[in-house]
Every structure is written in C-alpha cells, then in structure tokens.
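All remarks here apply to the structure that follows.
Keep in mind it's a predicted model, so treat the numbers as computed, not measured. In what follows, chains are A, B, ... by sequence order, proteins preceding strands, each numbered from 1.
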Number of protein chains: 4
Amino acid sequence: MEAVLDAVIRIVQREGIGAVTTNRAAEVAGVSIGSVYQYFPDKQAIFIALHRRHIDQVDRIIQTTLVEHAAAPLDDLMRAMIDAMIEAHSSDPELYPLLATKVPHRANGTSDFAVRLHGAFRLALASRTHELKQASDLDRLAFVVANLVDSLSHAALFRRPSRLSLGEAKAEVLKAVLAYVHC
Amino acid sequence: MEAVLDAVIRIVQREGIGAVTTNRAAEVAGVSIGSVYQYFPDKQAIFIALHRRHIDQVDRIIQTTLVEHAAAPLDDLMRAMIDAMIEAHSSDPELYPLLATKVPHRANGTSDFAVRLHGAFRLALASRTHELKQASDLDRLAFVVANLVDSLSHAALFRRPSRLSLGEAKAEVLKAVLAYVHC
Amino acid sequence: MEAVLDAVIRIVQREGIGAVTTNRAAEVAGVSIGSVYQYFPDKQAIFIALHRRHIDQVDRIIQTTLVEHAAAPLDDLMRAMIDAMIEAHSSDPELYPLLATKVPHRANGTSDFAVRLHGAFRLALASRTHELKQASDLDRLAFVVANLVDSLSHAALFRRPSRLSLGEAKAEVLKAVLAYVHC
Amino acid sequence: MEAVLDAVIRIVQREGIGAVTTNRAAEVAGVSIGSVYQYFPDKQAIFIALHRRHIDQVDRIIQTTLVEHAAAPLDDLMRAMIDAMIEAHSSDPELYPLLATKVPHRANGTSDFAVRLHGAFRLALASRTHELKQASDLDRLAFVVANLVDSLSHAALFRRPSRLSLGEAKAEVLKAVLAYVHC
DNA sequence: CATGAATGAGTGTTCATTCAT
DNA sequence: AATGAATGAACACTCATTCAT
C-alpha cells in the first residue's frame, strides 16, 4: 500500500523518526492498523518496502540517464550520472536517516542497489573502453566509480561545508571521478 | 563507565542489535542497572558515548599517522591514511550498524568527526602544496579528499565485491585519491 | 472504564494503597494494561477520574436532597443534607486516603466540589431568607455552612470519639449548623 | 535530624512534592544519604517526624494561648484560639498536601493531635461551664468545638472564596463557634 | 559515626501485533 | 476485505535502601 509508505515519510517529516509507529502510520495513511497488516507482514516490511521503492526510483533515474547518454562521451555521461544521483537523493532527504535507522543492513534488496549501480557503471564503461587509460579489470573500475559517485554525491548534498555551493561540489565530484577513470 | 560501553559491543556481537537493552547491558557489564544510570542519563547517552569513544579512537589514529608521516611525500601519506582508516574501522565492525541505528544524526560529537577529518587533511595538504597541481581552494580539496578516503575505505572494507581482495581494493582507493589530488 | 475505577477501589480495600499499580489495576479489572492506557493517558488520570466520579455521586445526592426538600423548612433540609452527606461518604470510606494521597490538589474537578457545594447551599439558603436572622451576605453564610456540613460530617463519621454514637454526632452537627444560621 | 526535616520542606516549596526523595533530602540537608538512615529507619519515618514536629508546634501554640487566656471570658478565648490556629497553619502551608500525601492516616502521632486538641478544649470549656447554656456532655461539646475550630480555620485559610477577607472569615468562624457553644 | 557508590525490585508506559466482528 | 479494540511482552528508568570503606 503506497499510502502507508507515503504516510511514513510524512510522519518522519512532520513529527520525527521517533513518531513512526505502525498505528500512527495507519492513522496518517487513513487506513486501519488491521489493513496495514494485510499488506505488510510486520513493521520491518514497511521500511524494506520503502527502501525498495526508493531504490527503484533511483535505479529508474540511473537507467534513464544511461539510455539518454548512450552515445555521449564519458565525461558528459558522468556529469549526467552525478546530476541524476544528486537529483534522486534531493527529494525526501529524511529518508536516509530513516532507512539507516530502521532497515537491517543485510535486508532484502538493500545490497541490490550496490549491485545494480555497479552493473550500470560497468555497462557504461564497457562501451567506452577506448576512453579509458586504465587497462585494468572493468569490474574493479566499475566498483570504484560506483562508490565514488554514490558516496561523493551524498557528501556533496549532505556534508558539504557551507562555503561550497552545490554546483561547485558537483564539479569537484566530477573532477574526482574523471581523474580516476582517466588515470 | 567503559565496562558498559564494552558490554554493549559484546551484546551486539553475540546477540544482535535487538538485544541491546539497558538492563542487559548492565548485566553483561557486571554492574547493576542503577549504576548504569548513575553514569548515563539515559539509553541514548550510552550510544553517544560509544560513538564519541570510537571517533576519538579513529581520530587518534589519524593524528598519529599524520605525525608519523609529517615528512613523507604525499603518496606515502595518503597510503598510510587509507591504511589507518581501514585499520581503525576493522576492529568492531558491528559498531557501524549499531551507531547508525541508535545515534541521532545531529548528536553531540557526531559531526565533529567530519570536521576533524577535514581539518586533518587540510593540514596534511597545506604542507604539500608543491605536490598539488590544483591551485584550487585548499578547503575544497580537503573536503573531497576527506570524503574520498572515508567513503572509499568503508566501501573497500564492507562493500567490496568478493572477487576483489582487500589489498587490491586499498590500492584502488589510493589510486582514486592520488588521481584526484594530482589532476 | 468503570471497571478500572472499581478495580482500584477493590485493590485499596483488599491490599492497601501501596498495591495500586497500573498493571495490578488492569489485572483486577480483567483487562490488559494496554486497554487501561487506551482510556487513561496516565496513572494520575485514573485517580482523577475516580475523584470526579465520587464527586459526581455526592453531588447527585446533594441535588436530590435539595429538590426533595425544596418546600421543607430549613431545619429539615439541613438535617437531610447532613444525612445525605454522611450517607454519601459512608460508602467507599477508603476513597478518602486514596484520593488525598494520589490526586494533586489543584487537579481537574477537585475544587469544583467546593464550588458546587457552596452553590447548593447558597440556593438552599436563598429561598429561606425569612428563616435567617442574619442579614449578612448570602455568600458568606453559604461558605460557612457548606464547610460546616462538609467538615463536621467527616468528623462525625471518621473522627468521632468512640463514646459518641453516629446518631448523636449527627444531632450535634445539626445543632451546630442551625445555631450558626439562626444566630 | 532537624536539617533533614527542613530540607524536605524546602524541597516541597521549591521543587514540588514529586521531588521529595530520600537522596534529594539528604543532599539538600547537606548530609549523606547514609546519615539520613542513621536517624530515620525509613522514608515514612521522615514524614512522621515532620508531622509530629508540626503537631507539637501547633500544640505548643494552643497551650500557650490557653494559659494566656486562662482568666479571659469564653468569647475572648475562642477568638484567641482561632487566631492561634490560623497563625499556626499559616507558616509552611505546603505541609498539608505533603503530610496528607505521605503520612499513613493511622500513623504514630497522627490521631494524637485530635486527642490533644479535644483535651485542650475540654479543659477550656470545663472552667467556663457557667458561660454555657448547654448542660450537655462536656466531651461532646469539646469534640464539636475542636473540630469546628480546626476545620473552619483550615477552610478560612485555604478554601475561603476570594471575595472574603481573612479577617471576615475569622469573624465568621468565631460566630459559628460561639453560636454553637451558646445554644 | 559518616559516606556515597552500588543495588535491584518494581513501576509506568509503549507499541507491534492479533482477531472477533 | 476492512476494522480497531484489545493484548501483553518488553522496556527504560526511579529511588528507597544497604554496606564496604
């Protein structure tokens, strides 16, 4: 039930993580607690579903970006990917603390994202081997690039010092990624 | 009370995060629940103290590494910093899920770490400007490097694909960091 | 939940004030502790509800007596009021220590009783001004009479020396009240 | 230990009844909790001691008034007794909620006060039989008078409606008492 | 005697979950 | 399918009391 997932997000935004209880979520979603348990076996399942939904959204954006820049040079693609990543994480920023707090780290679908991201970058890099100085393992390259993009996007969005604009931070992330793939 | 903090870690290792209750922590620490509350105002305070202790430990390692490689070339220092970071995070790996789950994200001392790491790297880079091709803002550089080292160390330790050895992952992290600072 | 209030009274009677815990009250009431908290926000609220219920009962008796003796001479009314008061306090005598111990003195509805009693007596006296020698303020008269009746009824019931029968005590209370209103 | 009793009163005044714990009392009294338990077997004993001290103070005032007005006419004595009673209760008014809340109603010394007051008034009335119209039992008379004075003094002090000044209330109490003894 | 750190039984309260309607 | 009253296990926390120093 999408309504429940949205309710959880709304509760976090308005009342904080501590206010997220199954009963409150049902109430805000406008359904009965009984109905919530018709669709989710337990509380965890709600957060896992939320997680999966979020990952799917991000994944969709990634895929779209990949397709749209299929013919673009590596630099442009990377810039687009970073933009996409930051864009994807900009909506519902409160999701991060929530999921970090509530989703068990080996939960269903959690690691999927790393795999999917890794896969996406492997694909992207595979078709551009001529632009890479590194002759090294594509897997290794994709692993680093995926983590670079993911982690630095997060950092740019959430941990960037106040003196740095988001645009500047993005440029720096791109610089780091390109420096790596070109070295 | 150090005993309580150690007890919490032991409980997480042996019984999982869910088993961490104040009463259990007291029991495992070998003190009464009353004594726990003599030293910690509430449960959160225990986790915050645990967090702070961890941060202090890592910080100490960082500082030591910095001092020991004061005269070393940038490449060596970076390699040492990455080693130190991974080393620091290798002990008590279960601390991460725990703190992520239990420590409120703006809690006392939490963001200190980012600041301290940033400071450490700024210092390290400041004395090696001649090795940097980038004439850009030192702050900006330090921000990216700090996040690169922190995030990629984590990734190397916890998210590295099974085909990649830790040594290889470390080498790759170093490559990424150096590529950035030298570009 | 009436059952909970009754349970509290039963516990006090059988096990003493010290045995009144929320869990015990739920148990004796035959409901779960969760249900208690569905109807009462906290423990205090139970005692306040008990207080209010008691006050309402007494008030109802007072009102009935007032109506039933609307046409009676002052002496008869006062005798009836004293009887009613003592009657009202005779049931559940253990309520007094309980409420005195557990209800905060300015709690919701607590002071209402004094006001209601005062009002009742003011009404009763207002329609009998021809029987009063005192030309004084009706408010003042009602205040004293209300407190006389209330306090002396209590005294007659709970503090009367063993040599005095309840009937004799009542007669004495009446004598005191009438002496005052007639002086 | 007087210091402990004073500490309890100070805590009630400044922090409310809820803040009265043995540890806090020891702290405010400037002694260790261990010392408190050297002089009081348990927490109740502190309140009982406080009660007894209060009763003794009031009793002393009553006795003094009695002696000072040994030769005075009944009216004057009664006025003095009422004044004394109100005077006695004016200091430390927060004692009442405290003692009502914390002292078990049949505790040592509690009922003593009723007895002493009763005795005092019996003595006072015994030497003034010529002023009494009532030929009735002196015991009965003293019982009523003692309760009249006690209850109405309280009412005058703590429950008097705002329109009534303390002086007026006192006058009314006196009127009620005299009306009774003279009827 | 005095201290105060340590104790731990006991309490109020929460909230995920169930199930009769 | 939907409801939501009822459940009760589990938890954080308090505070009167003890006793080794």
Side-chain angles (χ1 to χ4, degrees), chain A residues 1 3-4 8 11 18-27 29-47 102, chain B residues 1 3-4 8 11 18-27 29-47 102, chain C residues 1 3-4 8 11 18-27 29-47 102, chain D residues 1 3-4 8 11 18-27 29-47 102:
Chain A
M1 202 67 136
V4 174
V8 169
I11 294 168
V20 179
T21 67
T22 52
N23 284 286
R24 183 96 186 92
E27 187 186 345
V31 299
S32 73
I33 177 65
S35 294
V36 171
Y37 277 86
Q38 208 117 39
Y39 295 102
F40 299 97
D42 59 19
K43 196 194 185 191
Q44 283 265 19
I46 300 173
F47 296 117
K102 303 288 188 177
Chain B
M1 201 66 137
V4 174
V8 169
I11 294 168
V20 180
T21 67
T22 52
N23 283 286
R24 184 94 187 93
E27 188 185 344
V31 300
S32 75
I33 178 63
S35 293
V36 171
Y37 278 89
Q38 204 132 36
Y39 296 102
F40 300 97
D42 57 21
K43 197 193 185 192
Q44 281 261 22
I46 299 174
F47 296 116
K102 304 286 188 179
Chain C
M1 201 66 138
V4 174
V8 169
I11 294 168
V20 180
T21 66
T22 52
N23 283 286
R24 183 96 187 93
E27 187 186 346
V31 298
S32 74
I33 177 63
S35 293
V36 171
Y37 278 88
Q38 203 132 39
Y39 295 102
F40 300 97
D42 58 21
K43 198 194 186 191
Q44 282 262 20
I46 299 175
F47 296 117
K102 304 287 186 177
Chain D
M1 202 68 135
V4 174
V8 169
I11 294 168
V20 180
T21 66
T22 50
N23 285 285
R24 183 95 186 90
E27 187 186 345
V31 299
S32 75
I33 178 64
S35 294
V36 171
Y37 276 86
Q38 207 116 40
Y39 295 102
F40 300 97
D42 58 21
K43 195 194 185 191
Q44 284 267 18
I46 300 174
F47 296 116
K102 304 289 187 177

**Prompt:** For C:Phe40, which contact category applies under a 4.0 Å heavy-atom criterion: base, sugar-phosphate, or nothing?
**Reply:** nothing
**Request:** Give B:Val36 one of three labels, base, sugar-phosphate or nothing, depending on what nucleic acid heavy atoms sit under 4.0 Å from its own.
**Result:** nothing
**Fill in**
D:Glu27 atom CD is separated from E:dA2 atom P, nearest whole Å, by 19 Å
**Request:** Can you sort out the partners of C:Gln44 under side chain to side chain donor-acceptor pair (under 3.5 Å), two or more places apart, ordered by chain and number?
**Result:** none
**Prompt:** E:dA2 phosphate, OP1 or OP2: any side-chain N/O from D:Gln38 under 4.0 angstrom?
**Reply:** yes
**Asked** Within the structure, does a side-chain N or O atom of B:Ser32 lie under 4.0 Å from either OP1 or OP2 of E:dG8?
**Response** no
**Results of side chain to side chain contact (heavy atoms under 4.5 Å, CB included) for B:Ala26 - residues two or more places apart only** = B:Val31, B:Ile33, B:Val36
**Whole-Å distance separating the CD1 atom of D:Ile46 from the P atom of F:dC15** = 14 Å
**Complete:** Shortest non-hydrogen pair, D:Val8 vs D:Ala25, comes out as CG2-CB, 4.1 Å
**Prompt:** What string of B, S and - do you get for nucleotides 12-21 of chain E, 5' to 3', when a contact is any protein heavy atom under 4.0 Å?
**Reply:** BBBSBBB---
**Message:** If the condition is side chain to side chain contact (heavy atoms under 4.5 Å, CB included), which residues does B:Lys43 pass it with, not counting sequence neighbours?
**Reply:** B:Thr22, B:Phe47, B:Lys102
**Request:** For residues 31-42 of chain D, pull every pair meeting side-chain hydrogen bond (donor to acceptor under 3.5 Å, both in side chains), keeping only residues two or more places apart or in separate chains.
**Result:** D:Ser32-D:Ser35
**Request:** Note every stem involving DNA chain F: at least three consecutive Watson-Crick or G-U wobble pairs, i with j then i+1 with j-1, with both distances under 3.5 Å.
**Result:** E:2-21 with F:2-21
**Prompt:** Which atom pair, heavy atoms only, marks the closest approach of A:Ala29 to A:Ala3?
**Reply:** CB-O, 3.7 Å
